[in-house]
J.: 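Structure provided below as structure tokens; questions to follow.
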Amino acid sequence: MATWGYGNDNGPATWVKSFPVAAGTRQSPIDIVPTAAKCDTKLTENPLTVNYSPEPAMELCNPGLSVKANIKSKSVIKGGPLEGEYKLEQFHLHWGSADKQGSEHTLNGKMFPAELHLVHYNATKYSSFGEAVDKPDGLAVFGIFLKISDKPHQGLKSLTDVLSEVQYKDKSINIKQEYNPVCLLPDNINKYWTYLGSLTTPPLCESVTWIVFEEPIEVSEDQMKAFRALCCGECGSAPIVDNYRPPLPLGNRQLRASFQ
Ligand SMILES: Cc1cc(C)[n+](CCc2c[nH]cn2)c(C)c1
Ligand SMILES: [Zn+2]
């Protein structure tokens, strides 16, 4: 069975063959149209709360189609659209071959150069990520847009400075310095859109409550170049770029906003 990817022969348009849920009714990403979002005061009555802890030796790896950090310590979120406490499992990114593309969610049809995903599972209801991954209330993912600025993002710099050490597939390293993922969040986490969706890669489980923040984080062009230098395989293999799924129809879903 050919493995899925983002190329012409194994990309998003082909995934439905092995993963029929790709044609489901709560797929992600979507195009976010702020004027179509319903401002829901229930989201602010019980504000989204983030309690992240420092990772003593965070593991950073190259699984071949992104770069991923695996989380061991207790970092949890609750509130906003969520019932119960969701525990941070991992974070990773999606990016383009050029700044004009790369994000998965779009904003009024506009793509950002990249998008950061922090993946959490419902630790109140399920005993592991693996158990939660295919349940309708199993996961909550933060989607954070990246935009280009002349200054590097300090929080991401601890990672982009060492990406050359995980350039090839299945390479992994431990970040020596203590790392608290809270440094990756935008300043204002009270302004977000939320909707019920899915993983954006196979197995595409319809198990995700998406929380996409309005405020992007700012990264430098050099940091984008560092992501684009990662390789899909061993030395000499293609660079990891354009690892994004294009948006799917919102359909009958309600897009809610935490703000006016
Ligand atoms: C079992 C499983 C497999 C994968 C590729 N992922 C990542 C899917 C993904 C990437 N960006 C949004 N969803 C998860 C979260 C779980
Ligand atoms: Zn992702």
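Note that ligands are numbered from 1 as they come in the structure, with each ligand's atoms numbered from 1 the same way.
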J.: Which one holds for Y121 and ligand 1: side chain close, backbone close, both close, or neither close, with close meaning a heavy atom under 4.0 Å?
T.: neither
J.: Can you tell which part of S66 has a heavy atom less than 4.0 Å from ligand 1: side chain, backbone, both or neither?
T.: neither
J.: Between S28 and Y195, is any side-chain donor less than 3.5 angstrom from a side-chain acceptor?
T.: yes
J.: If you measure every N or O of E104 against every N or O of ligand 1, does any of those distances drop under 3.5 Å?
T.: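 N/O-N/O distance below 3.5 Å does not exist for this pair.
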J.: Under 3.5 Å, is there a donor-acceptor pair linking the side chains of W4 and T14?
T.: no
J.: Considering all heavy atoms of both residues, which atom of P186 and which atom of I144 are nearest to each other, and what is their separation?
T.: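 Taking every non-hydrogen atom into account, CD-CD1, 3.9 Å.
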J.: Please list the nearest protein heavy atom to atom 16 (C) of ligand 1 with its residue and the distance rounded to 0.1 Å.
T.: F129 CZ, 3.7 Å
J.: For K17, what residues pass the salt bridge (charged side-chain N to carboxylate O under 4.0 Å, His left out) criterion, not counting sequence neighbours?
T.: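 K17 satisfies salt bridge (charged side-chain N to carboxylate O under 4.0 Å, His left out) with no other residue.
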J.: Start with the C-alpha distance between R26 and E206, add both sets of side-chain angles, then the distance that settles salt bridge (charged side-chain N to carboxylate O under 4.0 Å, His left out), and finish with yes or no.
T.: CA-CA 6 Å; R26 59 171 279 189; E206 297 191 322; 5.3 Å; no
J.: Taking N or O atoms only and a 3.5 Å limit, does H117 qualify as a polar contact for ligand 1?
T.: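 Yes - when backbone and side-chain N and O of H117 are compared with those of ligand 1, one distance drops under 3.5 Å.
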J.: Is NZ or CZ of K68 both nearer than 6.0 Å to the six-membered ring centre of F91 and within 45° of the ring axis?
T.: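 No.
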J.: Would you be so kind as to tabulate the donor-acceptor pairs closer than 3.5 Å made by side chains of residues 227-240, with sequence neighbours excluded?
T.:
unit_1, atom_1, unit_2, atom_2, d
R228, NE, G96, O, 2.8
R228, NH1, E221, OE2, 3.0
R228, NH2, D99, OD1, 2.7
S237, OG, G233, N, 2.8
S237, OG, G233, O, 3.4
S237, OG, E234, O, 2.6

J.: Test salt bridge (charged side-chain N to carboxylate O under 4.0 Å, His left out) on K42 and D40; report intermediate values, then the result.
T.: CA-CA 5 Å; K42 285 204 297 297; D40 185 347; 3.6 Å; yes
J.: What protein heavy atom lies closest to atom 10 (C) of ligand 1? Include the residue and the distance to one decimal.
T.: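 Of the protein heavy atoms, H92 NE2, 3.2 Å lies nearest.
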J.: Of the listed options (L139, V119, T201), which comes nearest to atom 9 (C) of ligand 1 when hydrogens are ignored and any heavy atom counts?
T.: T201
J.: Would you say the side chains of E104 and T200 form a donor-acceptor pair under 3.5 Å?
T.: yes
J.: Any N or O of H94 that comes nearer than 3.5 Å to an N or O of ligand 1?
T.: yes
J.: Can you sort out which atoms of ligand 1 are near P202, meaning under 4.0 Å from one of its heavy atoms?
T.: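 Near P202, meaning under 4.0 Å from one of its heavy atoms, ligand 1 has 5 (C).
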J.: For ligand 1, find out whether one of its N or O atoms is nearer than 3.5 Å to an N or O atom of T200.
T.: yes
J.: Would you say the side-chain atoms of D31 and T106 include a donor-acceptor pair closer than 3.5 Å?
T.: yes
J.: E89: heavy atom below 4.0 Å from ligand 1, yes or no?
T.: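 Flag not set, E89 not near ligand 1.
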J.: Which atoms of the protein, restricted to N, O or S, are nearer than 2.8 Å to the Zn ion (ligand 2)?
T.: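 Short answer, with waters excluded from the count: H92 NE2, H94 NE2, H117 ND1.
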J.: List the closest protein heavy-atom neighbour of atom 15 (C) of ligand 1: residue, atom name, distance to the nearest 0.1 Å.
T.: L199 CD2, 3.6 Å
J.: Using atom types as modelled, flag every donor-acceptor pair under 3.5 Å from a side chain in residues 50-60 to any protein atom, sequence neighbours excluded.
T.:
unit_1, atom_1, unit_2, atom_2, d
Y52, OH, H120, NE2, 2.7
S53, OG, K74, O, 2.6
E55, OE1, K72, N, 2.9
E55, OE2, K72, N, 3.3
E55, OE2, S73, N, 2.8
E55, OE2, S73, OG, 2.2
E59, OE1, N70, ND2, 2.9

